[in-house]
Amino acid sequence: MFYPSLIDGLGKAGRLDEAERLFDKMVVKGCPHDSYCYNALIDALAKCGKTDEALALFKKMEEEGCDQMVYTYPILISGHFKGTEMKRH
């Protein structure tokens, strides 16, 4: 649970570039992506209004055969509405 916590914290701090780099480095260091890591980065992207990137990552998650969790869909839906709200202002 170490990587998902770091990715989540970086995302909440608005440091998306660092969160994405950490996500990519995990595999290099021999730690495969799991649903917790995917959800942490999808959530960070969605909360920052980057819904297209969040959806692309979701598709990658599916392609890699990583199981979506019950939390994945609400994250995407919430991010979509937040992105729509941000575009209105």
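Between Ala46 and Ala54, the closest heavy-atom pair is N-CB, 4.2 Å. Closest approach of Gly11 to Ala44, counting heavy atoms only: CA-CB, 3.5 Å.
Residues Ile42 and Met61 are in side-chain contact: their nearest non-hydrogen atoms beyond the backbone lie under 4.5 Å apart.
By the salt bridge (Lys or Arg N to Asp or Glu O under 4.0 Å) test, Lys12 is found to be paired with Asp8, residues two or more places apart in sequence or in another chain being considered. Take Arg15 and apply the salt bridge (Lys or Arg N to Asp or Glu O under 4.0 Å) test, not counting sequence neighbours, and it matches Glu18.
Annotation: the span from Lys59 atom NZ to Leu57 atom CG amounts to 12.0 Å, rounded to 0.5 Å. Atom CG of Leu45 sits about 10.0 Å away from atom CG of Leu76, to the nearest 0.5 Å. For the atom pair OG (Ser78) and NZ (Lys47), the distance works out to 7.5 Å, reported to the nearest 0.5 Å. To the nearest 0.5 Å, atoms CG (Asn39) and CG (Asp34) are separated by 9.0 Å.
Every pair passing ring-ring contact (aromatic ring centres under 6.0 Å, His included) that includes a residue from residues 5-26 is listed here, sequence neighbours excluded: Phe23-His33, Phe23-Tyr38. Within the structure, no pair that satisfies the side chain to side chain donor-acceptor pair (under 3.5 Å) test touches residues 19-30, not counting sequence neighbours.
In this structure, Phe2 is a member of the same hydrophobic cluster as Ile7, with clusters built from ILVMFWY side-chain heavy atoms closer than 4.5 Å.
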